[in-house]
Undergrad: 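Can you read through this structure? Questions will come right after.
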Amino acid sequence: MNADRLSPRLWSVASMVTAGNSVYDVGCDHAFLTLYLVKQGIARDACACDVNPGPLKAAREHVREAGLEDVIQTVLSDGLMSVPTPRPPATLIMAGMGGGLILDVLRARPEVTDAFEEVIISPQSRVEETRTALRQMGLCIALEEMVRDAGKYYVSMKLVREARDYSFGRGDESLSAKELDVIRDRYGPVLIDEKPEILREYLEREHGILKEILSHLEDGKHVDERREILAKLHVNEMLTGGLYGNDQNRR
């Protein structure tokens, strides 16, 4: 990968950035995403940050080679701890780190987090837990996209503070508010509302994995584990059928 050709996951992140914003890429690695946003005229300027000196050194070299030292600042920073005060309108990006670390960064300096008009994340793990925590922090998912990259599924999310009214489950008295939160946190409120084909693909793949796990759990020995998998299967099948009218997962 280079600064002129992004992976599907990073391209998904880049497509969510509001044109004309200053971009602060925390966990920038080699700064390929940062360079792309500046070269394409999406970001008016940028700050590429990383906690590791090695990747940041490579990022500085790539910025120098591109002749963009006056537009892209590189900063050694543990999360937002050493990030300069954002110049509005500004976008915070965190892609390529686990969901738990993303949440730690957002919580560490709330006064800095609050200075960004938009936050774009692509957690590599604990996606459901991340969505739950974001909701509890008052950050709402305005845009959401799932892509398949190198055989894995990744989700990118654009977060804002304005409340969102998601359509799935609205007026459905068969689902409690708690059940709706579980479903939306697990699969993504915007993804559910938009029903992309890749979500159907993901649901079908997950269904096969859950059925395989269930086949190895004995009734008398793994009561709790079976109950958990069966609950996940129920949600999976209910959502698949409700969104796509597809009964093949029940075979």
Side-chain angles (χ1 to χ4, degrees), residues 3 6 9-53 55-60 62-64 66-124 130-131 133-145 155-164:
L6 299 179
R9 178 177 62 85
L10 289 184
W11 191 91
S12 174
V13 171
S15 70
M16 294 183 177
V17 176
T18 298
N21 279 14
S22 290
V23 168
Y24 294 72
D25 186 1
V26 173
C28 69
D29 195 35
H30 290 189
F32 291 133
L33 175 59
T34 312
L35 285 162
Y36 175 86
L37 291 169
V38 171
K39 286 183 174 182
Q40 296 298 316
I42 299 169
R44 75 170 186 265
D45 52 42
C47 181
C49 312
D50 207 285
V51 69
N52 296 308
L56 193 66
K57 180 180 178 182
R60 285 178 178 148
H62 292 144
V63 171
R64 186 192 65 78
L68 292 171
E69 296 102 319
D70 293 338
V71 185
I72 300 176
Q73 180 182 7
T74 55
V75 176
L76 185 66
S77 178
D78 182 0
L80 293 171
M81 301 310 293
S82 302
V83 171
T85 302
R87 294 199 311 119
T91 301
L92 172 61
I93 294 176
M94 286 184 284
M97 61 181 76
L101 182 54
I102 287 174
L103 294 171
D104 288 344
V105 171
L106 290 174
R107 290 166 173 152
R109 294 189 67 193
E111 74 282 3
V112 177
T113 300
D114 290 344
F116 291 96
E117 280 72 20
E118 61 188 23
V119 178
I120 300 171
I121 65 172
S122 182
Q124 292 201 2
T130 301
R131 288 194 186 102
L134 292 170
R135 176 167 49 77
Q136 294 169 347
M137 292 166 63
L139 288 168
C140 299
I141 301 173
L143 295 174
E144 196 169 23
E145 184 175 9
V155 175
S156 301
M157 311 173 204
K158 182 173 183 174
L159 313 174
V160 296
R161 287 168 186 81
E162 296 84 9
R164 288 296 189 267

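All values below were derived from every heavy atom in this structure, side-chain atoms included, with hydrogens, water molecules and symmetry-related copies excluded.
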Undergrad: Identify the heavy atoms of Val13 and Ser122 that sit nearest to each other, and give their distance.
TA: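 Smallest interatomic distance, heavy atoms only, reads CG2-CB, 3.9 Å.
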Undergrad: Donor-acceptor pairs are to be reported for all side-chain atoms of residues 87-97 against protein atoms at under 3.5 Å, with residues two or more places apart or in another chain.
TA:
from, atom 1, to, atom 2, distance (Å)
Arg87, NH2, Asp45, OD2, 2.2
Thr91, OG1, Asn21, ND2, 2.9
Thr91, OG1, Glu118, OE2, 2.7

Undergrad: I'd like to know if the side chain of Thr74 reaches the main chain of Arg60, judged simply by a donor and an acceptor atom lying under 3.5 Å from each other, with no hydrogens or angles considered.
TA: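 No; judged by distance alone, with no hydrogens or angles, the pair does not exist.
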Undergrad: With sequence neighbours left out, write down each residue that passes salt bridge (Lys or Arg N to Asp or Glu O under 4.0 Å) with Arg161, or none if nothing qualifies.
TA: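 Counting only residues at least two positions away or on another chain, Arg161 forms a salt bridge (Lys or Arg N to Asp or Glu O under 4.0 Å) with Asp114.
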Undergrad: Without swapping roles, check the side chain of Ser22 against the backbone of Ala46 for a donor-acceptor pair under 3.5 Å.
TA: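 It does not hold such a pair.
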Undergrad: Who pairs with Glu145 by salt bridge (Lys or Arg N to Asp or Glu O under 4.0 Å), at least two apart in sequence or on another chain?
TA: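 Per chain and number, Glu145 pairs via salt bridge (Lys or Arg N to Asp or Glu O under 4.0 Å) with no residue.
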Undergrad: Can you tell me how far CD1 of Ile121 sits from CD1 of Ile102, rounded to the nearest 0.5 angstrom?
TA: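 Spacing of CD1 (Ile102) from CD1 (Ile121) equals 5.0 Å.
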Undergrad: Side chains of Thr130 and Leu103: does their closest heavy-atom pair fall under 4.5 Å?
TA: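 Yes, at least one pair of side-chain atoms sits under 4.5 Å.
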Undergrad: Return each pair, listed once, that meets salt bridge (Lys or Arg N to Asp or Glu O under 4.0 Å) where at least one residue sits in residues 91-111; pairs must be two or more places apart or across chains.
TA: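 For residues 91-111: Arg109-Glu111.
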Undergrad: Got a sec, which residues hit side-chain contact (heavy atoms from CB on, under 4.5 Å) with Gln136, two or more places apart in sequence or on another chain?
TA: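 Per chain and number, Gln136 pairs via side-chain contact (heavy atoms from CB on, under 4.5 Å) with Thr132.
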Undergrad: Using a 4.5 Å cut-off on heavy atoms from C-beta on, say whether the side chain of Leu56 contacts that of Asn52.
TA: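 Not in contact.
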Undergrad: Look up atom CZ in Arg131 and atom CG in Leu159, then write down how far apart they are to the nearest 0.5 Å.
TA: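 It is 10.5 Å, given to the nearest 0.5 Å.
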Undergrad: Provide the closest heavy-atom pair for Asp29 versus Asp50 in the form atom of the first, atom of the second, distance.
TA: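 Heavy atoms of Asp29 and Asp50 come nearest at N-OD2, 2.9 Å.
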Undergrad: Could you pull out the closest heavy-atom pair between Leu68 and Lys39, with the gap in Å?
TA: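 Looking at all heavy atoms of both residues, the shortest contact is CD1-CG, 4.2 Å.
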Undergrad: Using a 3.5 Å distance criterion without hydrogens, assess whether the side chain of Ser77 forms a donor-acceptor pair with backbone atoms of Ser82.
TA: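 Yes, the answer is positive, given that a donor and an acceptor are paired below the 3.5 Å cut-off.
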Undergrad: Only counting residues at least two apart or in another chain, list the ones meeting side-chain contact (heavy atoms from CB on, under 4.5 Å) with Ala108.
TA: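 So Ala108 forms a side-chain contact (heavy atoms from CB on, under 4.5 Å) with Met81.
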Undergrad: Tell me, which pairs form a ring-ring contact (aromatic ring centres under 6.0 Å, His included) where one or both residues lie in residues 67-119, sequence neighbours left out?
TA: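 Counting only pairs at least two positions apart or across chains, the ring-ring contact (aromatic ring centres under 6.0 Å, His included) contacts touching residues 67-119 are Tyr24-Phe116.
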Undergrad: Output all residues satisfying side-chain contact (heavy atoms from CB on, under 4.5 Å) with Ala43, sequence neighbours left out; order by chain, then residue number.
TA: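 Per chain and number, Ala43 pairs via side-chain contact (heavy atoms from CB on, under 4.5 Å) with Val23, Leu37, Val38.
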Undergrad: Side chains of Ile141 and Arg164: closer than 4.5 Å at any heavy-atom pair?
TA: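 No, side chains not in contact.
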Undergrad: Could you note down all residue pairs passing ring-ring contact (aromatic ring centres under 6.0 Å, His included) where residues 68-87 supplies at least one of them, sequence neighbours left out?
TA: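 Listed by first then second residue: nothing to list.
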Undergrad: Can a donor-acceptor pair be found, under 3.5 Å and without considering hydrogens, that links the side chain of His62 to the backbone of His30?
TA: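 At least one qualifying donor-acceptor pair exists.
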Undergrad: For side chain to side chain contact (heavy atoms under 4.5 Å, CB included), just list the numbers for Leu33 and Leu6, CA-CA rounded to whole Å, side-chain angles, deciding distance to a tenth of an Å, and then say yes or no.
TA: CA-CA 7 Å; Leu33 175 59; Leu6 299 179; 3.9 Å; yes
Undergrad: Test: salt bridge (Lys or Arg N to Asp or Glu O under 4.0 Å). Region: residues 10-28. Which pairs qualify, not counting sequence neighbours?
TA: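 Pairs touching residues 10-28 that pass the test: none.
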Undergrad: Under the side-chain contact (heavy atoms from CB on, under 4.5 Å) rule, collect the residues that match up with Val51, sequence neighbours excluded.
TA: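 Only Asp78 meet the side-chain contact (heavy atoms from CB on, under 4.5 Å) criterion with Val51.
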Undergrad: How close do Pro84 and Gln73 get, counting heavy atoms only, and between which atoms?
TA: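 Nearest heavy atoms, Pro84 then Gln73: CG-OE1, 3.9 Å.
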Undergrad: Determine which pairs satisfy ring-ring contact (aromatic ring centres under 6.0 Å, His included) with at least one residue from residues 67-106, sequence neighbours left out, and list them in order.
TA: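 ring-ring contact (aromatic ring centres under 6.0 Å, His included) check on residues 67-106 returns no pairs.
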Undergrad: Report yes if the side chains of Met157 and Pro123 come closer than 4.5 Å at any heavy-atom pair, otherwise no.
TA: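 With C-beta onward as the side chain, the pair touches.
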Undergrad: Nearest 0.5 angstrom please: Ile120 CD1 to Ser12 OG, how far?
TA: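 The distance works out to 9.0 Å.
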